[in-house]
Amino acid sequence: NAHAEGHEDRMTEEEFCVLFEKLLGTYTHAMPQVKASKKEVKKQQAAISKAVEATTKEFEMLNLDEHAMAQIFKLFDKDQSGYLDEMEIKQIVKEMGIPDYERDGY
């Protein structure tokens with residue numbers, strides 16, 4: 001989805017919702033590859049799968065509709081600009097407990 005002109009470093013509520021849905025559907029496949037022993041990789045994959053499954057169940061129980069997604073977006077949009085900027089997105093990632101595999105501060 002193209003960003004609004006002049007706002008490449010931020011995302012709209014609509015873009016957030018699309019991204020959110022994609023993350024829910026592809027989270028396990030989107031995780032970066034980690035060079036580790038086969039045993040450690042299996043352990044990490046099991047932990048990730050368990051977390052994804054738990055998160056998916058939580059979201060299914062929440063039965064999020066369009067209004068609920070708008071409310072969640074507003075909670076994350078700290079400066080109430082109508083966009084999620086880089087710092088707000090980093091905070092979401094940290095709060096979701098998504099590991100910083102690339103160790104670049106997200």
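Any value given below was found using the heavy atoms of this structure, including those in side chains, with hydrogens, waters and symmetry copies removed. The first residue of the sequence shown is numbered 1, and numbering continues consecutively from there.
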Legend entry - Pairwise side-chain contact, Thr56 with Val52, heavy-atom cut-off 4.5 Å (strictly under):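 In short, these two side chains touch, coming nearer than 4.5 Å.
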Legend entry - Sequence neighbours excluded, every pair satisfying salt bridge (Lys or Arg N to Asp or Glu O under 4.0 Å) that has a member inside residues 42-55: Glu53-Lys57
Show which side-chain atoms of residues 66-77 pair as donor or acceptor with protein atoms under 3.5 Å away, not counting sequence neighbours.
residue: Asp77; atom: OD1; partner: Gln80; partner atom: N; Å: 3.4
residue: Asp77; atom: OD1; partner: Ser81; partner atom: N; Å: 3.2
residue: Asp77; atom: OD1; partner: Ser81; partner atom: OG; Å: 3.4
residue: Asp77; atom: OD2; partner: Ser81; partner atom: N; Å: 3.2
residue: Asp77; atom: OD2; partner: Gly82; partner atom: N; Å: 2.7

Measure the spacing between [atom1] of [X] and [atom2] of [Y] and express it to the nearest 0.5 Å.
| X | Y | atom1 | atom2 | answer |
| --- | --- | --- | --- | --- |
| Tyr83 | Glu13 | OH | CD | 12.0 Å |
| Met11 | Glu86 | CE | CD | 11.0 Å |
| Ile92 | Leu84 | CD1 | CG | 5.0 Å |

Inset, instruction - Of all the heavy-atom pairs spanning Glu15 and Thr12, show the shortest one and how long it is. - result: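 What the structure gives for the nearest pair is OE1-N, 2.8 Å.
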Inset, instruction - Taking all non-hydrogen atoms of both residues into account, name the closest pair between Glu88 and Lys78 and its distance. - result: OE2-N, 2.9 Å
